Peer 1: 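Have a look at this one before I ask anything.
What you see is a predicted model, and the numbers here were worked out from it, not measured in a lab. We count ligands from 1, going down the list as the structure has it; atoms in each ligand are counted the same way.
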Amino acid sequence: MGPRPMTERIVSLYSAEDIAARVRELGAEITRDYAGRNLVIVCVLKGSFVFAADLARAIDLPLRVDFLGVRSYGEGTESSGVVQITQDLSRPIEHEDVLLVEDIVDTGLTIAHLMDLLRTRSPASVKVCALLHKPARARVHVHVDYLGFTIEDHFVIGYGLDFAERYRNLPYIGVVERT
Ligand code: IMP
């Protein structure tokens, strides 16, 4: 008999219910902080599409939603710091309050780059809302204004997050274990 093929097992880290409860809290906090302002939710594609959709519905304010497509080149699961914009915002953000919505802040390089980019367009403010933060892997300091959960150094999938483009549709966040 040859070697046993590698299989992947997914262990749940945050259930759909855990995530929904935290998203409701973040939405309430953002609703309080941005009352009376011109809020633009910027969803960073692709990973944030699920989180941004839920977060937008947890915010009880008039707002608009726009999308930024980014690709960070790197080997496998490692971010290289080279951030390529694959899709730009559809409108200017001058004098508006921008909330960048990210799935996960890992090395911080993507968010740092996007903050610099957006600030060149004279918004009234730019803040960050991230569902997950992996501080163990930080390479640049980024301040996350609204944070869902801080996690250990695991590669996580689900709720928009992928591994080689798979698993984005899982309703929960899990860790892939190789067995
Ligand atoms: P950063 O530039 O290293 O902060 O990485 C940001 C991007 O890398 C995220 O928006 C994700 O798309 C991806 N990423 C980082 N860690 C993970 C992970 O554990 N699972 C899935 N994608 C990840």
Peer 1: With respect to atom 21 (C) of ligand 1, which of Leu131, Val156, Leu109 exhibits the smallest heavy-atom separation?
Peer 2: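 Of the listed residues, Val156 has the closest heavy atom.
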Peer 1: Pull out every atom of ligand 1 sitting under 4.0 Å from any heavy atom of Lys134, numbered as shown with elements.
Peer 2: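 Going through ligand 1 atom by atom, the ones under 4.0 Å from Lys134 are 16 (N), 17 (C), 18 (C), 19 (O).
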Peer 1: May I ask you to check whether Asp103 and Tyr159 show a side-chain donor-acceptor distance below 3.5 Å?
Peer 2: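 Distance-only check fails for Asp103 and Tyr159.
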Peer 1: Does any N or O atom in Val105 lie less than 3.5 angstrom from one in ligand 1, N or O only?
Peer 2: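 In this structure, Val105 places no N or O atom under 3.5 Å from an N or O of ligand 1.
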Peer 1: Indicate yes or no: does Glu96 engage Arg91 in a salt bridge with an N to O separation below 4.0 Å.
Peer 2: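 No salt bridge links Glu96 with Arg91.
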Peer 1: Atoms of ligand 1 less than 4.0 Å from Asp103 heavy atoms?
Peer 2: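 Per the distance check, 9 (C), 10 (O), 11 (C), 12 (O).
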Peer 1: What I want to know is whether Phe155 and ligand 1 share at least one N or O pair that is separated by under 3.5 angstrom.
Peer 2: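 In fact, backbone or side chain, Phe155 has no N or O that close.
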Peer 1: Yes or no: does Asp162 have any heavy atom under 4.0 Å from an atom of ligand 1?
Peer 2: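 Yes.
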Peer 1: Less than 4.0 Å between a side-chain N and a carboxylate O, is that true for Arg22 and Glu25?
Peer 2: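 Salt bridge present between Glu25 and Arg22.
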Peer 1: When you look for heavy atoms under 4.0 Å from ligand 1, do you find them on the side chain of His154, its backbone, both, or neither?
Peer 2: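 Contact part for His154 vs ligand 1: backbone (N, CA, C, O).
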Peer 1: Which bit of Leu161 is near ligand 1, meaning a heavy atom under 4.0 Å away: side chain, backbone, both or neither?
Peer 2: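 Leu161 to ligand 1: side-chain contact only, backbone stays beyond 4.0 Å.
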Peer 1: Start with the C-alpha gap between Tyr14 and Tyr172, add the side-chain angles, then the distance that decides, and say whether ring pair (Phe, Tyr, Trp, His ring centres under 6.0 Å) holds.
Peer 2: CA-CA 6 Å; Tyr14 296 107; Tyr172 60 92; over 10 Å; no
Peer 1: Which ligand 1 atoms, with their elements, are less than 4.0 angstrom from a heavy-atom of Thr110?
Peer 2: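 Under 4.0 Å from Thr110, ligand 1 has these atoms: 1 (P), 2 (O), 5 (O), 6 (C).
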Peer 1: Considering only heavy atoms of Glu102, which atoms of ligand 1 have at least one such atom less than 4.0 Å away?
Peer 2: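 The atoms of ligand 1 under 4.0 Å from a heavy atom of Glu102 are 10 (O).
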Peer 1: Which of the atoms in ligand 1, numbered in the order shown and given with their element, are less than 4.0 Å from a heavy-atom of Ile104?
Peer 2: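 Atoms satisfying the 4.0 Å criterion: 6 (C), 9 (C), 10 (O), 11 (C), 14 (N), 15 (C), 16 (N), 17 (C), 19 (O), 23 (C).
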Peer 1: Can a donor-acceptor pair be found, under 3.5 Å and without considering hydrogens, that links the side chain of Ser48 to the backbone of Val101?
Peer 2: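 Yes.
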Peer 1: Inspect the surroundings of CD in Glu152 and state if more than 12 heavy atoms from other residues, nucleotides or ligands are less than 6.0 Å away.
Peer 2: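 Open.
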Peer 1: With a 3.5 Å distance limit and no angle check, can you tell me whether Asp153 reaches the backbone of Ala136 through a side-chain donor-acceptor pair?
Peer 2: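 Answer holds: no.
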Peer 1: Evaluate whether atom NZ of Lys134 has more than 12 neighbouring non-hydrogen atoms of other residues, nucleotides or ligands under 6.0 angstrom away.
Peer 2: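 Enclosed.
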